[in-house]
**Student:** 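There's a structure below that I have some questions on.
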Amino acid sequence: MALVVQKYGGTSVADIKRIENVARRVIKTKQAGNDVIVVLSAMAGETDRLINLAHQAAADPDSREYDALISTGEQVTVTLLSMVLNRLGYKARSFLSFQIKINTDRAHKKARITKVDTRKMREELKKGSVLVVAGFQGVDEENDITTLGRGGSDTSAVALAAALKADLCEIFTDVDGVYTTDPNIYDKARRLERISYDEMLEMARAGAKVLQPRSVEMAKKYEVPIYVKSSFSDEGGTLVTKEDKEMEKEVVSGVTYDRDQAKITVINVPDRPGIAARLFTPLAEHNIMVDMIIQNVSVDGFTDLTFTVSRKDVKQAAVLVQEAANDIGAARVEIDDSVAKVSIIGVGMVSHSGVAAKMFTILAKEGINIEMISTSEIKISCVVKAKYTELAVMVLHDAFELEK
Ligand code: ASP
Ligand code: MG
């Protein structure tokens, strides 16, 4: 008998019919002799609707109230699924994070899970119940409700799987696995049978929407195998797991893009110690993530500094950066939110040279200007004009022969 954690995303629980479909899958797993913990997201579009309401109520809603509101979508789905399972003759109980004690830090809207209490869950499993747990939410030391960031129910699922040492964590979504690139952009995209944690992490960070990056970080740390599957079909699936020799043979395993990018340039920054700290500390204090950073060679003691943030943070970032720029005597701040990041990812890059040069050559051939570059051991990212996103993805996918 195995312990299986299954997570279903918003489209899989979008209405009662689909919730019944989820119930059938849960029952199948249960009938096969497994203990099952189900983690659910809110109905598709519900979290957006709640966020929208919050912003109608107040331009800058209090973050404690905000999290308490936007976490309610999951309360709806977990109770409904439990009701359906009960109706079909299966013991099922819904749980919100405070009932289990999924503890987080106090960073509202992007809280990190600090501890999962497994006692209650084990008790319930012993009684033969299916546990249906609300994803996306946690509770801080003050007993205030927190949320884990958009897409956070993936992380809830992996956290429970890790805490309970589950045998498998299945993430059911509306696609049947992880693809070499977004099939909506390029029909030559191919499903991967397996992918390493590191590649998946880079893909998720670089914009692939299948899994929340934090869930992959956690899966890697606790070696939780994740199976990404479609809730609408029994075919396909991708296993996210430890790296092996086969995986290393491929130089590039995927091309991703991220349109959620905005570029901020601070012009004529005096080039002296402490300037970068003065610019970036306020952003960190406001939990604004900075992605790529480039500082140009200084000329006559002045330099330009360019970096990217998420588009949703750009307004707030611009204000903070402008304040800092005034303070340090920089000339001005420029914002460009019509950029995108295109990345190639692969564990094989570690042992192959010339991958970056090939990427740049391919983009150049299409007349696509590269505005920023960043690299890690297994990823190369380029910031380009947003209008070139699709083209860049397609030519890179072709050049690295990912359809094969
Ligand atoms: N419902 C939350 C969201 O829309 C969490 C999730 O879907 O994973 O972001
Ligand atoms: Mg998701």
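Whatever order the structure lists them in is the order used to number ligands and atoms, beginning at 1.
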**Student:** Pick whichever of Glu46, Lys7, Glu74 has a heavy atom sitting closest to atom 2 (C) of ligand 1.
**Tutor:**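 Answer by nearest heavy atom: Glu74.
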
**Student:** Suppose I only count heavy atoms of Gly151 and a 4.0 Å limit; which atoms of ligand 1 are within that range?
**Tutor:** 3 (C), 5 (C), 6 (C), 8 (O), 9 (O)

**Student:** Can you report which non-hydrogen protein atom sits closest to atom 7 (O) of ligand 1, along with the distance?
**Tutor:**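 Its nearest protein heavy-atom neighbour is Ser41 OG, 2.6 Å.
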
**Student:** Quick check: does any side chain N or O of Arg311 sit under 3.5 Å from a backbone N or O of Asp337, one acting as donor and the other as acceptor?
**Tutor:**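 Yes, because the side chain of Arg311 sits within donor-acceptor range (under 3.5 Å) of the backbone of Asp337.
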
**Student:** Closest non-hydrogen protein atom to atom 9 (O) of ligand 1, residue and atom name please, with distance?
**Tutor:**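 Going by distance alone, atom 9 (O) of ligand 1 is nearest to Arg150 NE, 2.7 Å.
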
**Student:** Given side-chain hydrogen bond (donor to acceptor under 3.5 Å, both in side chains), test Asn369 with Tyr388 step by step and report yes or no.
**Tutor:** CA-CA 9 Å; Asn369 188 41; Tyr388 292 129; over 6 Å; no

**Student:** Using the six-membered ring of Tyr66, assess whether NZ or CZ of Lys109 lies under 6.0 Å from its centre and within 45 degrees of the ring axis.
**Tutor:**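 So Lys109 does make the cation-pi contact.
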
**Student:** Are the aromatic ring centres of Phe232 and Phe172 under 6.0 angstrom apart?
**Tutor:** no

**Student:** Should Val228 and Thr173 count as side-chain neighbours, where that means a heavy-atom distance under 4.5 Å?
**Tutor:**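 Answer yes - side chains close enough.
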
**Student:** Establish, for the pair Lys358 and Phe400, whether the NZ or CZ atom is under 6.0 angstrom from the six-membered ring centre and no further than 45 degrees off its axis.
**Tutor:** yes

**Student:** So which protein heavy atom does atom 8 (O) of ligand 1 come closest to, and at what separation?
**Tutor:** Ser153 OG, 2.4 Å

**Student:** Below 4.0 Å from ligand 1: does a non-hydrogen atom of Gly135 turn up there or not?
**Tutor:**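 No.
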
**Student:** Looking at ligand 1, would Gly152 count as a contact under a 4.0 Å heavy-atom criterion?
**Tutor:** yes

